[in-house]
Undergrad: 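Sharing a structure here in structure tokens format.
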Amino acid sequence: MAFQLDIRTLVYLFIFGNLFTALLISYYRLHFPRDTASTLFIAAKWLQVVYWSSILLWAAVPHYIAIPLSNFLILAGGGLEIAALLLMMGLLGRKAKLYYWTITICSVISFCIVVLFFNSPNMRVATTSLWVIMFVIYPAYRLTANRAGSPLQRLMGFIFYAFAAAMLIRSMAALLLESDMGALTPNMPQYLYFMGMFFLLVVGTAAFILLSNEHTYEKLKRIATYDGLTGILGRRTFMLEAELKLALAVKKRDFFSLLLLDLDHFKSVNDTHGHEAGDTVLQDFVLVLQNHLGSSDLFGRVGGEEFAVMLYGLDEEESGHKAERLRAAVKEEAADFTNPGGYTVSIGIVTVLPDSLTSLNMLYKLSDRALYQAKQQGRNRVVRSR
């Protein structure tokens, strides 16, 4: 009888726990733009509130209504919560959606078969438990196998694995040990299952909030790292990366080159054809250069129409040839660019064999001075600073 009381007490805890979580996340998101992941997570919590409440009403509702409804609610609530977590981490792709649609349909069909032809408490518990395993095993695998994932994501993956193991024990106990085992039957496997559910409730809520903050941080980090229009490094990140490369060149006594590139007459493009056409020119220019730069070259946007390239390990002659190839490639490939027409680029370049006194700021000023000379000499050319 004590076990029965403990289980019913846990059911009440689940009701108020999910209710509190739904209200907490709803209030938390009032101060932020609405996103799909939070909406799914809140909906999942409300479904779980209804599910746990429905269990307490089984005695007052016909079983042919209460049992299918309760199982639908727990699978729908759990599925939405998992979908919210996967969406938050960018793992809810087409294959994941197809997987969940498939197991959802199969779980409904199999449960209907069990209710119609094998309608016993233990068969219902075992069937539901096995399908819950299918729901949680996918995120468990994706989160632990994702090498780019954070430690928090991998921890969530192992928690899902642990919950799947608990559901497997519950299913085996229903099939092999307890022929009359129902949803509220007081035995040790059930008690462990409810304790696991309570643990998942607490950890899942905390993980969602932490993952949400982690996702926001990564988004802000991308914004700070990459230029929003062209997708290449922004000025601050380019300079930081170039500083590291310069320090390496000093240590290994390798050549270091810095190029500043400026699109010719870009202001007239914006004035004549509009800023949308100007944005298109910048994006096209970046694609042209990316096709002619190597994996070890740094490329960043350091101003409106001004870009920087860092070349490592190339001497004056080699870096000069590469700069000229970049200029020629822009002229050639941009000649066919019809919106708003062809364009050219001027390049200032400096190459040094750096020592401990060489600073990136000094090299930037030298290449900027060379770029100014290229503009003064008629544009569409490479000028080297000496």
Side-chain angles (χ1 to χ4, degrees), residues 225-227 230-266 281-335 342-386:
T225 302
Y226 298 102
D227 176 59
T230 61
I232 61 175
L233 295 176
R235 179 188 179 94
R236 182 174 179 273
T237 307
F238 175 87
M239 298 300 282
L240 290 173
E241 293 289 335
E243 287 277 10
L244 295 176
K245 286 287 188 179
L246 179 59
L248 183 64
V250 172
K251 181 179 180 180
K252 294 191 173 184
R253 299 293 296 164
D254 282 330
F255 284 98
F256 181 95
S257 299
L258 182 66
L259 289 69
L260 288 184
L261 306 89
D262 189 274
L263 290 175
D264 298 325
H265 303 295
F266 183 74
V281 167
L282 293 175
Q283 292 169 334
D284 179 76
F285 168 76
V286 166
L287 288 176
V288 172
L289 256 68
Q290 285 177 325
N291 290 333
H292 291 82
L293 290 173
S295 58
S296 62
D297 303 329
L298 282 182
F299 183 29
R301 185 183 182 188
V302 294
E305 67 272 18
E306 190 170 290
F307 297 81
V309 171
M310 185 232 70
L311 304 176
Y312 184 88
L314 302 182
D315 60 22
E316 280 198 8
E317 183 178 0
E318 293 169 325
S319 62
H321 287 324
K322 187 156 189 175
E324 182 59 33
R325 286 198 300 271
L326 293 176
R327 184 205 62 78
V330 170
K331 182 180 180 182
E332 179 182 352
E333 298 190 34
Y343 56 88
T344 58
V345 65
S346 298
I347 302 176
I349 179 174
V350 59
T351 300
V352 295
L353 192 62
D355 56 28
S356 59
L357 298 178
T358 306
S359 72
L360 185 63
N361 185 52
M362 177 189 70
L363 297 179
Y364 190 94
K365 289 179 179 178
L366 290 173
S367 55
D368 186 55
R369 189 179 303 165
L371 174 61
Y372 177 77
Q373 292 174 6
K375 292 286 189 180
Q376 292 297 309
Q377 294 174 16
R379 297 179 171 83
N380 187 29
R381 65 191 64 233
V382 177
V383 172
R384 176 176 291 280
S385 171
R386 301 189 184 278

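When a residue number appears, it is its place in the shown sequence, counting from 1.
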Undergrad: Show the nearest heavy-atom pair for residues K375 and L263, with the distance to one decimal.
TA: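 Nearest pair, atom of K375 first, then L263: NZ-O, 3.5 Å.
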Undergrad: Only one of V345, L259, V382, I349 clears side chain to side chain contact (heavy atoms under 4.5 Å, CB included) with L326; which?
TA: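 The single option meeting the side chain to side chain contact (heavy atoms under 4.5 Å, CB included) with L326 is L259.
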Undergrad: At what distance, to the nearest 0.5 angstrom, does CG of L233 lie from CE of M239?
TA: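 If we round to the nearest 0.5 Å, L233:CG and M239:CE are 12.0 Å apart.
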Undergrad: Measure the spacing between CG of L282 and OG1 of T230 and express it to the nearest 0.5 Å.
TA: 7.5 Å
Undergrad: Going by heavy atoms in the side chains, are L261 and L289 under 4.5 Å from each other?
TA: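 In short, these two side chains touch, coming nearer than 4.5 Å.
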Undergrad: Inspect the surroundings of CZ in R379 and state if more than 12 heavy atoms from other residues, nucleotides or ligands are less than 6.0 Å away.
TA: yes
Undergrad: For residues I347 and A323, report the shortest heavy-atom separation together with the two atoms involved.
TA: CD1-O, 3.5 Å
Undergrad: Nearest heavy-atom pair of G231 and Y226: which atoms, and what distance?
TA: O-CD2, 3.6 Å
Undergrad: Taking P354's backbone N and O only, do any of them form a donor-acceptor pair with R253's side chain (distance below 3.5 Å, no angle check)?
TA: yes
Undergrad: Can you confirm whether Y343 sits close enough to H265 that some side-chain heavy atom of one is under 4.5 Å from a side-chain heavy atom of the other?
TA: no
Undergrad: Just by distance, with hydrogens left out, do D262 and S346 show a side-chain donor and acceptor under 3.5 Å apart?
TA: no
Undergrad: Using only atom types and a distance under 3.5 Å, with no angle test, would you say the side chain of D355 pairs donor to acceptor with the backbone of T358?
TA: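 Such a contact is found between D355 side chain and T358 backbone.
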Undergrad: Considering all heavy atoms of both residues, which atom of F256 and which atom of A249 are nearest to each other, and what is their separation?
TA: CB-CB, 4.2 Å
Undergrad: For H321, is there any backbone N or O sitting under 3.5 Å from a side-chain donor or acceptor partner on E324?
TA: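 No; judged by distance alone, with no hydrogens or angles, the pair does not exist.
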Undergrad: Can you label the angle between the F285 ring and the F299 ring as parallel, tilted or perpendicular, going by 30° and 60°?
TA: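 Perpendicular.
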Undergrad: My understanding is that only one of R384, E317, E316 makes a side chain to side chain donor-acceptor pair (under 3.5 Å) with T351; could you say which?
TA: R384
Undergrad: Contact between V309 and K322 at the side-chain level, heavy atoms closer than 4.5 Å - yes or no?
TA: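 SC-SC contact between V309 and K322 ruled out.
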Undergrad: Return the minimal non-hydrogen interatomic distance between V350 and S367, and the atom names on each side.
TA: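 Shortest heavy-atom contact: CG1-CB, 4.0 Å.
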Undergrad: To the nearest 0.5 angstrom, please state how far the CG atom of D297 sits from the CD atom of Q290.
TA: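 Answer for the CG-CD pair, D297 versus Q290, is 11.5 Å.
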Undergrad: Determine the minimum heavy-atom distance between A242 and L298, stating which atoms define it.
TA: N-CD1, 3.5 Å
Undergrad: Is it the case that over 12 heavy atoms from other parts of the model lie below 6.0 angstrom from the CZ atom of F255?
TA: yes
Undergrad: With rounding to the nearest 0.5 angstrom, report the NZ to CG distance, K251 to L246.
TA: 14.0 Å
